[in-house]
Amino acid sequence: MRKRPRRRRPKRSGANGAGQRRQKLSRRVRELYRPDLADDPEAAEWHAELEGELARPGRGRGRQKTRSGERASDEAGVLDERDDEQATGSESTGRVIAISSGSCRVQCGEEALDCVLPSDLARNQRAVLAVGDRVAFATHGASHRLRRVLPRRTVLSRPDPRNPRDERVIAANIDIAVHVESVAQPPLRPALVDRYLIAIARGGADAAVCVNKMDLLSGTEERLRELAKLAPYRALGLSILPCSAKTGEGLDDLHKLLAKRTAVFVGHSGVGKSSILNALAPGLDADTGAVTRRSGTGRHTTTRSSLYRLEDGIRVIDTPGIREFGLWQLTEDELAAYFADFEEHAARCRFRDCAHTHEPDCGVRAAVEAGELSAARHEAYLRIRASLASGD
Ligand code: GDP
Ligand code: ZN
């Protein structure tokens, strides 16, 4: 029998058409990703398309083209109307925008209210409450008291660094997680993308990749060469946005992608996450605490996340203390389910529980050898699998 993932399956942005979409995307991977991209007519076409996009003024790759994002953002649109609204009766609801010891700040309509946590919640607050959570609270006179955390739509979580068996939710109810990379200083590392994609998919949010510091590259050729490294991910349906926090390139596209959605930026230190956030919202709402990050005592004055409201219904959860995260409770057997591009090739494996590592007649490895599947994707799979086995 083929082994089935036992715990959580990857969540999808919608129930309909996901299988079909995957199939289509797997086909695109096969079509697009050859070991030698330069000789591939399809890849050349994609390059041309990309070049066109880069050259087009305004580069309007808006929401309508964010393949994976459509459904989630539509849902979010509906929820958004309720999210920050005050409810009738003795209870109100709102969204957590910041957390401190024993209390949290809740956005309720246009007001930001400080809510005291009941003692049972306060004792365990790191485990049960996250920025982005929708909560119900009661008001007595001038004070507000949190009652319940409402069910989450999505999460971005990681294992607790001190106790890896515990889940730590970094951000809740996010529509999209933007993985930020840079093309230089530090150089583009496509190998990091896979891990982030899995963590994001597990929590149910959409993903996009923002390629920052494009200003450090000279000329179209160099730009295309860098961006071509992300071809397998684009073929998976991911939005890839070249941008520069410095020159403003691509920020319109990012703005459009994020409109009416709640987002979180993830990625290694130094790639420009804060710079992008500041460039998107130069007058970032000071009373939410944004300025503490850039204050004289240094960047990491707080490890607490905050939710910022930008124009056009954009909400961004900033997670200053968290630059990297592991994969919470993912088993080796579950891993392949997150590599949608392996699916059709895995059907040809001799063993139904093939791990695609060393087994004879492995359809996935055969596809890599035949140039039908990205070798980089398979290497990423092997690398992550090894790290899961070693308990990393
Ligand atoms: P974070 O750690 O991901 O939040 O990165 P920061 O926003 O702190 O940026 C790290 C460094 O990269 C800073 O020195 C920024 O000035 C620089 N930086 C950020 N974005 C860009 C960009 O688009 N182009 C260039 N050339 N430098 C940038
Ligand atoms: Zn196999």
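Just follow the structure's listing: the first ligand is 1, and inside any ligand the first atom is 1. Values in this document were obtained by computation on a predicted structure and should not be read as measured data.
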Provide the number and element of each atom of ligand 1 under 4.0 Å from a heavy atom of [X].
X      : value
Asp215 : 22 (C), 23 (O), 24 (N), 25 (C), 26 (N)
Leu216 : 26 (N)
Ser269 : 2 (O)
Ser244 : 23 (O)
Ala245 : 20 (N), 22 (C), 23 (O)
Val271 : 3 (O), 5 (O)
Ser275 : 6 (P), 7 (O), 9 (O), 15 (C), 19 (C), 20 (N)
His268 : 3 (O)

The option among Lys273, Lys246, Gln185 carrying the non-hydrogen atom nearest to atom 1 (P) of ligand 1 is Lys273
Considering only heavy atoms from C-beta outward, does the side chain of Met214 approach that of Ser182 to under 4.5 Å? no
* Any side-chain heavy atom of Arg123 within less than 4.5 Å of one from Ser119? -> yes
Checklist entry - Are a donor atom and an acceptor atom from the side chains of Tyr233 and Arg377 found within less than 3.5 Å of each other? => result no
Do Ser239 and Arg234 get their side chains close enough for a donor-acceptor pair, meaning under 3.5 Å?
-> no
Shell check on the Zn ion (ligand 2): protein N, O or S atoms less than 2.8 Å away are Cys349 SG, Cys354 SG, His356 ND1, Cys362 SG
Is the closest N or O pair between Gly270 and ligand 1 shorter than 3.5 Å?
-> yes
Non-hydrogen atom of Met214 closer than 4.0 Å to ligand 1 = no
- Are the charged groups of Arg148 and Glu91 less than 4.0 angstrom apart, N to O? yes
query = Angle class for the Phe339/Phe342 ring planes (parallel below 30°, perpendicular above 60°, tilted otherwise)?
reply = tilted
Check your understanding: Got a sec: does the CD of Glu221 have more than 12 other heavy atoms crowding it under 6.0 Å?
Key -> no
Residues at least two apart in sequence or cross-chain that pass ring pair (Phe, Tyr, Trp, His ring centres under 6.0 Å) with His255, listed by chain then number, are none
Heavy-atom nearest pair, Ile314 first then Leu258, reads CG1-O, 3.4 Å
Nearest heavy-atom contact between Arg261 and Asp175 is CA-OD2, 3.2 Å
Interatomic distance, CZ@Arg365 vs NE2@His356, rounded to 0.5 Å, equals 10.5 Å
